[in-house]
Amino acid sequence: MEIKFWGVRGSIACPGPDTVHYGGNTACIELNIGDPDRLIIIDAGSGIRVLGHDLKERGLLRHPLVADIFLSHTHWDHIMGFPFFDPIYLPDTRLNIYGPVTYEEESLDKIIGDQLSYRYFPVLHSELASKLDYHQIGEGELDLGDGIRLKTKYLNHTLQCLGYRFEYQGKSVCTAFDTEPYRNLFAMPPESPDYDPVTAEQGEQAASEENQRQVDFFRNADVLIHDAQYTREEYDPSKLGWGHSPFDYAVDAAVKAQVKQLYLFHHDPLRTDASLSALEKRYQEQYAGDSYPQIAVAREGVRIRL
Ligand SMILES: [Zn+2]
Ligand SMILES: [Zn+2]
């Protein structure tokens, strides 16, 4: 298994002198599993444009390109690069595109394809030369063939969003973006007239069970790539409910799940190279030692081999 980061940002692409080191493209990860031709792409943020160029350089576009694209969800930062992914204009390309849908009245192909309408773009989805097959998926398990198993789990985001766990020959890589900690939705101060201790206790238990299910999903993964958009100070309380995790929650989940390597991902566009580097150093120092995961901030261009 080989993993490569092509886009590590959340929300919006943010190129500039302060993001040169970690990169400014939005979410896109390449997985090569087993057979070197088996190409899996997770999310189609602006990073997928650069991946398309790289596939050409590697000569892969000289042959029919077959790939699976797994979309965590359809927020714009995770699909905005799709119209700029060159292989979709080549007649030999065949893509299977998987993802969850929140609004059942609209299908996945319509949600993705509407980006390619004259309102937004000069080429129509129906004009693309490639063959695209869309698959709406939810929580469960999929056999991807060639010995690759995929497990999926809903995350805590503002719409249906899937975490993925790819398993191959005893190795596993997990993704969890975009997500935030489950919290007690019935929490209120005891002095409030509507306070009900039973409801408050049930809410607390439900949140804790959901957070535990998330940890179970990550359990013993070789690599976990987790949302870490905010610092604790930014998250609590002003970004609560925005669907993203603070750094310390991502680290805590990885420690509890005993994953081997944690990559902090979906960086806020405000985060500069200097601030990401300082946060990386802080968590590496705090969790030094064999009993903790190796912690790194995800950076464009980095390759991980398992
Ligand atoms: Zn996002
Ligand atoms: Zn999102």
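In listed order, ligands and their atoms are each counted from 1.
Considering just the N/O/S atoms of D77, the one nearest the Zn ion (ligand 1) carries the name OD2. Of all N, O or S atoms in H75, the one lying closest to the Zn ion (ligand 2) is ND1.
For a distance bound of 2.8 Å, the N, O or S atoms of C161 include none lying that close to the Zn ion (ligand 2). Among the backbone and side-chain atoms of H157, an N, O or S atom lies under 2.8 Å from the Zn ion (ligand 2). Here H73 fails the criterion, with no N, O or S atom under 2.8 Å of the Zn ion (ligand 1).
Side chain to side chain, Y22 and E280 meet the donor-acceptor criterion of an N or O pair below 3.5 Å. Using a 3.5 Å distance cut-off with no hydrogens or angles, the side chains of Y263 and Q261 do pair a donor with an acceptor.
Between the OD2 atom of D178 and the NE2 atom of H78, the angle taken at the Zn ion (ligand 1) works out to 90° after rounding to 10°.
In this structure, R305 places its CZ atom where only 12 or fewer heavy-atom neighbours from other residues, nucleotides or ligands lie under 6.0 Å away. Around atom OH of Y195, more than 12 heavy atoms belonging to other residues, nucleotides or ligands sit under 6.0 Å away.
Ion pairing between E285 and K281 holds under the 4.0 Å rule for side-chain N and carboxylate O.
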